Amino acid sequence: QVQLLESGGGSVQAGGSLRLTCVASGYTSSRICMGWLRQVPGKEREGVAAMEDDGTTNYVDSVKGRFTISRDNTKNTLYLQMTNLKPEDSGMYYCAAGCRIVSGTWFGLTRFEYDYWGQGTQVTVSP
């Protein structure tokens, strides 16, 4: 049984930083594809950052240069370092795992590409 446990969310002012952490357990797949997705009320869950099995990273344009996704395989942990946060970065951030291919190749920036989800951690950025 795969479990993903996020932590690190909180409330910060614009320009601040946060680091999200996701600890994975029970994930036995030979391929490790993981990512962070964000959801705000009334909108679909959207990808923010993803890391492919080979370590390739993908980011949504709005966070490029500000967010960094990384992974420590020895600790089964995924991170999202967020800097220069903006109010529009606010939302519930979900850690996800899975390598489901829905359009030729895996980018990890849509909710359809994942099989497993954490419970989410809230990020609130005030102006």
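Just so it is clear, the model here is predicted, and its values are computed rather than measured. Just so it is clear, the values below take in all heavy atoms, side chains as well, and ignore hydrogens, waters and symmetry mates.
- Applying the side-chain hydrogen bond (donor to acceptor under 3.5 Å, both in side chains) test to residues at least two apart or on different chains, the pairs with a partner in residues 31-40 are R38-E46, R38-Y93, Q39-R45.
- Residues passing the side chain to side chain donor-acceptor pair (under 3.5 Å) test with R100 are D115, sequence neighbours excluded.
- For D61, the salt bridge (Lys or Arg N to Asp or Glu O under 4.0 Å) partners two or more places apart in sequence, or in a different chain, are K64.
- Between T57 atom OG1 and F67 atom CZ the span is 14.0 Å, to the nearest 0.5 Å.
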Passes side chain to side chain contact (heavy atoms under 4.5 Å, CB included), N58 versus E52? Steps please.
CA-CA 8 Å; N58 302 307; E52 300 180 34; 3.1 Å; yes
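- No continuous path of hydrophobic side-chain contacts links V48 to W117 [ILVMFWY only; heavy atoms under 4.5 Å].
- Using a 4.5 Å cut-off between side-chain heavy atoms of Ile, Leu, Val, Met, Phe, Trp and Tyr, with links allowed through other members, Y116 and M51 fall into the same hydrophobic cluster.
- Looking at residues two or more places apart in sequence or on another chain, you find a side chain to side chain donor-acceptor pair (under 3.5 Å) between T74 and D72.
- Between the side chain of S90 and the backbone N or O of V125 there is at least one donor-acceptor pair closer than 3.5 Å.
- In this structure, CG in L5 is found 6.5 Å from OG in S7, a value given to the nearest 0.5 Å.
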Show me the donor-acceptor pairs, under 3.5 Å and distance only, between side chains in residues 78-88 and residues at least two apart or in other chains.
residue: T83; atom: OG1; partner: R66; partner atom: O; Å: 2.7

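- In this structure, T77 OG1 and L4 CG are separated by 10.5 Å, a value rounded to the nearest 0.5 Å.
- Using a 4.5 Å cut-off between side-chain heavy atoms of Ile, Leu, Val, Met, Phe, Trp and Tyr, with links allowed through other members, M92 and I69 fall into different hydrophobic clusters.
- Looking only at distances, a side-chain donor or acceptor of E6 sits under 3.5 Å from a matching main-chain atom of G120.
- Residues L37 and Y59 are members of separate hydrophobic clusters, defined by side-chain heavy-atom contacts under 4.5 angstrom among Ile, Leu, Val, Met, Phe, Trp and Tyr.
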Output a table of donor-acceptor pairs, distance under 3.5 Å, between side-chain atoms of residues 102-111 and any protein atom two or more places apart or on a different chain; print 'none' if there are none.
residue: W106; atom: NE1; partner: G98; partner atom: O; Å: 3.4
residue: W106; atom: NE1; partner: E113; partner atom: O; Å: 3.3
residue: T110; atom: OG1; partner: E113; partner atom: OE2; Å: 2.9

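- Considering every non-hydrogen atom in both Y114 and G35, the closest pair reads OH-CA, 3.4 Å.
- Contact record, C95 with M34: SG-CE, 3.7 Å, taken as the closest heavy-atom pair.
- In this structure, CD1 on I32 lies 7.0 Å from OH on Y27, to the nearest 0.5 angstrom.
- Follow the hydrophobic side-chain contacts under 4.5 Å out from V63 and you reach V123 in the same cluster.
- To the nearest 0.5 angstrom, C33 atom SG is 8.0 Å from I101 atom CD1.
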